[in-house]
Amino acid sequence: MSKQLWALCLAIVPWLACAQSGIDGVWQTDPATVTGGSKLSRYLVKGGEYRCDSCAPKIRVKADGNLQPVRGNPYLDSVAAKIVDGHTLAITSKKDNVSSTGVMTISADGKSMVREIDTVEVNGTQSHSTELLR
């Protein structure tokens, strides 16, 4: 009997290891609970150049759509910025095998901006976020 019980325990262990954990699933942020940082985001597109002065470290690249190396940044190896039109900027960033593409769109009245970001992780996991900045 004890051999059968032992065999049953060994058979259950792999099944338990594959069981869904409490953190698995789809999670959504409650916008009412989000607070911004104490520092304002500061982006500048001028003279064919994109700058993020609020990024740490700051980012400054040509807005020509080509990936350009970013040195000294623990989160990015390279960034590409492209002016889509008078209200829209597309950004691609890469770190190792993780890539993010984002689009920043300024409202017609110039008082707000929507930032959308799609990220693909090394394991193929994808995420999307949309943020309204005023």
Side-chain angles (χ1 to χ4, degrees):
M1 178 75 169
S2 67
K3 286 184 180 180
Q4 291 174 337
L5 184 57
W6 182 248
L8 179 61
C9 288
L10 286 176
I12 290 176
V13 169
W15 176 76
L16 290 174
C18 293
Q20 189 175 28
S21 72
I23 198 156
D24 290 345
V26 176
W27 296 90
Q28 294 182 355
T29 302
D30 178 0
T33 66
V34 176
T35 58
S38 59
K39 187 173 154 184
L40 295 175
S41 296
R42 182 168 164 82
Y43 307 106
L44 178 66
V45 179
K46 186 176 179 181
E49 184 177 76
Y50 163 73
R51 289 179 17 196
C52 177
D53 292 338
S54 58
C55 295
K58 295 179 181 180
I59 296 172
R60 187 175 191 163
V61 295
K62 294 177 188 172
D64 62 5
N66 295 313
L67 277 173
Q68 298 158 64
V70 176
R71 307 225 188 288
N73 192 314
Y75 309 107
L76 308 170
D77 290 330
S78 57
V79 172
K82 180 180 179 184
I83 300 168
V84 177
D85 59 38
H87 290 273
T88 310
L89 180 73
I91 305 266
T92 300
S93 63
K94 295 188 184 265
K95 173 68 175 175
D96 300 325
N97 290 325
V98 177
S99 66
S100 294
T101 56
V103 175
M104 293 189 229
T105 306
I106 306 297
S107 63
D109 64 6
K111 294 183 179 181
S112 65
M113 177 177 77
V114 173
R115 181 171 50 193
E116 294 189 67
I117 301 172
D118 292 298
T119 302
V120 179
E121 302 289 341
V122 175
N123 65 2
T125 302
Q126 298 181 13
S127 64
H128 175 83
S129 66
T130 302
E131 182 179 16
L132 174 63
L133 303 164
R134 295 183 194 267

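Predicted, not measured: the structure shown is a model, and the values here were computed from it.
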Novice: What distance separates Glu49 CD from Ile83 CD1, expressed to the nearest 0.5 Å?
Specialist: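 The distance works out to 10.5 Å.
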Novice: With a 4.5 Å cut-off on side-chain heavy-atom distances among I, L, V, M, F, W and Y, is there a chain of contacts connecting Val45 to Val61?
Specialist: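 They do share one cluster, since a chain of ILVMFWY contacts under 4.5 Å joins Val45 to Val61.
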Novice: If hydrophobic clusters are built from ILVMFWY residues whose side chains come within less than 4.5 Å, do Tyr75 and Val98 share one?
Specialist: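 Cluster IDs for Tyr75 and Val98 differ.
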Novice: Compare every heavy atom of Ala80 with every heavy atom of Gly65, then report the nearest pair and how far apart it is.
Specialist: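 That closest heavy-atom pairing would be O-CB, 3.7 Å.
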Novice: Measure from the side-chain N and O atoms of Ser78 to the backbone N and O of Leu67, and report whether any donor-acceptor pair falls under 3.5 Å.
Specialist: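 Between the backbone of Leu67 and the side chain of Ser78 there is no qualifying donor-acceptor contact (under 3.5 Å).
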Novice: If you round to the nearest 0.5 Å, how far is NZ of Lys94 from CG of Leu76?
Specialist: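 Atom-to-atom, Leu76:CG and Lys94:NZ are 12.0 Å apart.
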Novice: What's the verdict on side chain to side chain contact (heavy atoms under 4.5 Å, CB included) for Val103 and Val84, showing C-alpha distance, side-chain angles and the deciding distance?
Specialist: CA-CA 9 Å; Val103 175; Val84 177; 5.9 Å; no
Novice: For the side chain of Gln68 and the backbone of Asn66, is there at least one donor-acceptor N/O pair under 3.5 Å apart?
Specialist: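 Confirmed, Gln68 side chain pairs with Asn66 backbone.
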Novice: Supply the atom-to-atom distance Ile91 CD1 to Cys52 SG, rounded to the nearest 0.5 angstrom.
Specialist: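 Here the interatomic distance stands at 8.5 Å.
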Novice: Decide side chain to side chain contact (heavy atoms under 4.5 Å, CB included) for Arg51 and Lys58; before the verdict, give the C-alpha distance in whole Å, the side-chain angles of both, and the deciding distance to 0.1 Å.
Specialist: CA-CA 7 Å; Arg51 289 179 17 196; Lys58 295 179 181 180; over 6 Å; no
Novice: Using the rule that two of Ile, Leu, Val, Met, Phe, Trp, Tyr join whenever any of their side-chain heavy atoms come within less than 4.5 Å, decide whether Ile59 and Met113 are in one cluster.
Specialist: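 Yes.
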Novice: With no hydrogens and no angle check, is any side-chain donor or acceptor of Asp77 less than 3.5 Å from a backbone partner on Asp96?
Specialist: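 A pair under 3.5 Å: yes.
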Novice: Any chance you could measure Tyr43, atom OH, to Ile106, atom CD1, to the nearest 0.5 Å?
Specialist: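 Tyr43 OH to Ile106 CD1: 10.0 Å, rounded to 0.5 Å.
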Novice: Just how far is it from atom CZ of Arg60 to atom SG of Cys55, taken to the nearest 0.5 Å?
Specialist: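 The distance works out to 13.5 Å.
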Novice: Rounded at 0.5 Å granularity, tell me how far OG in Ser100 sits from CD in Glu121.
Specialist: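 Taking OG in Ser100 and CD in Glu121, the distance rounds to 7.5 Å.
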Novice: Nearest heavy-atom pair of Ser107 and His87: which atoms, and what distance?
Specialist: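 Taking Ser107 first and His87 second, the nearest heavy atoms are O-ND1, 3.6 Å.
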Novice: Taking atom NZ of Lys95 as the centre, does the number of heavy atoms from other residues, nucleotides or ligands within less than 6.0 Å exceed 12?
Specialist: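 It does: Lys95 NZ has more than 12 such atoms within range.
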Novice: Can you name the nearest heavy-atom pair linking Gly72 to Pro57, along with the distance?
Specialist: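 Nearest heavy atoms, Gly72 then Pro57: O-CG, 3.3 Å.
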Novice: I'd like to know if Leu44 and Leu89 are part of one continuous hydrophobic network [Ile/Leu/Val/Met/Phe/Trp/Tyr, side-chain heavy atoms within less than 4.5 Å].
Specialist: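 No; Leu44 is not reachable from Leu89 via cluster members.
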